[in-house]
Amino acid sequence: MDAARDQYEELAELAGSLAHEIKNPLSIIHMNIDLLSEDLVEIDTPSSRRCLPRVDMVRNQCERMEGLLRDFLRYARLRHIDLLPGSLNDQVRQVLDAYQAQADAQKIDLQRYLDPDLPSIRLHSDSLQSALINLIKNALEAMPDGGQLWARTYSNRGGVILDLIDSGSGLDDNTVMHMFEPFYSTKDGGSGLGLPTARKIIEAHGGRISVQSEVGRGTKFSLQFPVPPRLQ
């Protein structure tokens, strides 16, 4: 078992290094494509105008690959994080506040039911907010014509729980089954690493994430975190 884990970590480190090495020349290609586009605009001939859409296509693919590499590096590097006592409610509030304007523009009602007596948990603010951002962003994207998003926190014998429930388009069983697998995506141009990274972050907090969904009715994500005895 230890040998398998060591091999996995070695492969993960190698993959991360390879992604980093690809990122550097890709950035150079992107920069030169931008310069080439500027040159073609200045030339302004029938031939240069025919080339511009092709240059734009290359630029778009460069940006897509850079985004994929960025997401992959974030996923590959997430191993051990330093956890400090903190409030889950505060993390949820900050992320919801950041998306309030977008929700208002989409006619989405953000409902907050945050338990004022919620016990503290051990958390890493930046990474936990990154996971919450991914989940809330997905929820808003599932409601392009408006709807409701409920954020509810509470505690029980299992620990501290956050439920995120949206009234969006919902997900089919196949998507629910595979959604936490790396590179699985139903979005055009999506990296398929957002939800796997979110799960990895929650698990790095000692927690777990589950999902329930029904097409046409919405989706519920439940995040459960342990409460260390000395923080109860």
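For this chain, numbers begin at 1 and follow the sequence in order. As the structure is a prediction and not an experimental result, all values here were calculated from the model.
- A continuous path of hydrophobic side-chain contacts links Leu114 to Leu123 [ILVMFWY only; heavy atoms under 4.5 Å].
- Asp90 places no side-chain N or O within donor-acceptor distance of the main-chain N or O of Arg93, the cut-off being under 3.5 Å.
- Counting heavy atoms from C-beta on, the side chains of Arg122 and Pro85 come closer than 4.5 Å.
- The nearest pair of heavy atoms linking Gln224 to Gly158 is NE2-O, 3.0 Å.
- By the criterion of side-chain heavy atoms lying less than 4.5 angstrom apart, applied directly or through intervening Ile, Leu, Val, Met, Phe, Trp or Tyr residues, Ile133 is grouped together with Met143 in one hydrophobic cluster.
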Can you give the donor-acceptor pairs under 3.5 Å from side chains of residues 207-218 to other protein atoms, not counting sequence neighbours?
| residue | atom | partner | partner atom | Å |
| --- | --- | --- | --- | --- |
| Ser213 | OG | Leu171 | N | 2.7 |
| Ser213 | OG | Gly218 | O | 3.1 |
| Ser213 | OG | Thr219 | OG1 | 2.7 |

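- For Asp173, the CG atom sits in a loose shell: 12 or fewer heavy atoms of surrounding residues, nucleotides or ligands are nearer than 6.0 Å.
- When side chains are defined from C-beta on, Thr45 counts as touching Ser48, because their heavy atoms get closer than 4.5 Å.
- When all heavy atoms are compared, the tightest approach of Leu40 to Cys51 is CD1-CB, 3.9 Å.
- Closest of all the heavy-atom pairs between Gly147 and Ser167 is CA-OG, 3.4 Å.
- Residue Met177 is not grouped with residue Phe180 when hydrophobic side chains (ILVMFWY) are merged at heavy-atom distances under 4.5 angstrom, including chains of intermediate members.
- Leu26 contributes atom CG, which lies 12.0 Å from atom CE of Met31 (distance to the nearest 0.5 angstrom).
- Side-chain contact between Leu140 and Ile108: present, with at least one pair of heavy atoms (C-beta onward) separated by less than 4.5 Å.
- Rounded to the nearest 0.5 Å, atoms CG (Asn32) and OG (Ser27) are 11.0 Å apart.
- Scanning both residues, Ala151 and Val92, for their nearest heavy atoms gives CB-CG1, 4.1 Å.
- Looking at Leu52 and Ser37, their side chains come closer than 4.5 Å, going by heavy atoms from C-beta outward.
- Judged as a salt bridge (charged side-chain N to carboxylate O under 4.0 Å, His left out), the pairs with a partner in residues 52-62 (not counting sequence neighbours) are, in order, Asp34-Arg59, Asp56-Arg59.
- Thr153 OG1 to Leu88 CG: the interatomic distance, rounded to the nearest 0.5 Å, is 6.0 Å.
- Note: Ile29 CD1 to Asn24 CG = 11.0 Å, rounded to the nearest 0.5 Å.
- The CG atom of Leu96 lies 11.5 Å from the CD atom of Gln91; values are rounded to the nearest 0.5 Å.
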Exercise. Show the numbers, then the answer: is there a side chain to side chain contact (heavy atoms under 4.5 Å, CB included) between Ile201 and Asn134?
Key: CA-CA 11 Å; Ile201 290 170; Asn134 186 278; over 6 Å; no
Exercise. Go through Leu164 and Lys220 one step at a time and tell me if the side chain to side chain contact (heavy atoms under 4.5 Å, CB included) criterion holds.
Key: CA-CA 6 Å; Leu164 294 171; Lys220 173 185 176 182; over 6 Å; no
Exercise. Would you please test Val55 and Ile33 for side chain to side chain contact (heavy atoms under 4.5 Å, CB included) and show each step?
Key: CA-CA 7 Å; Val55 170; Ile33 285 294; 3.7 Å; yes
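- Two residues are said to be in side-chain contact when any heavy atoms from C-beta on lie closer than 4.5 Å; Phe221 and Asp166 fail this criterion.
- No hydrogens or angles considered: nothing links the side chains of Asp163 and Tyr113 as a donor-acceptor pair under 3.5 Å.
- Residues Leu110 and Gln100 meet the side-chain proximity criterion, which asks for heavy atoms closer than 4.5 Å.
- Between Arg152 and Leu162, the closest side-chain pair of non-hydrogen atoms is not below 4.5 Å.
- Leu83 and Ile161 fall into different hydrophobic clusters, where Ile, Leu, Val, Met, Phe, Trp and Tyr are joined by side-chain heavy atoms under 4.5 Å apart, directly or via other members.
- The two residues Ser155 and Leu118 come nearest to each other via the heavy atoms N-CD1, 4.0 Å.
- Donor-acceptor pairing under 3.5 Å is recorded for the side chains of His124 and Ser127.
- Counting heavy atoms from C-beta outward, Leu223 and Leu135 have side chains that approach closer than 4.5 Å.
- Among residues at least two apart or in separate chains, salt bridge (charged side-chain N to carboxylate O under 4.0 Å, His left out) pairs with a member in residues 102-121 are Asp97-Arg112.
- Expressed to the nearest 0.5 Å, how far CD of Gln94 lies from CG of Leu128 amounts to 10.0 Å.
- Ile202 and Val176 fall within a single hydrophobic cluster, where Ile, Leu, Val, Met, Phe, Trp and Tyr side chains are chained together by heavy-atom contacts under 4.5 Å.
- The two residues Arg49 and Asp44 come nearest to each other via the heavy atoms NH1-OD1, 2.7 Å.
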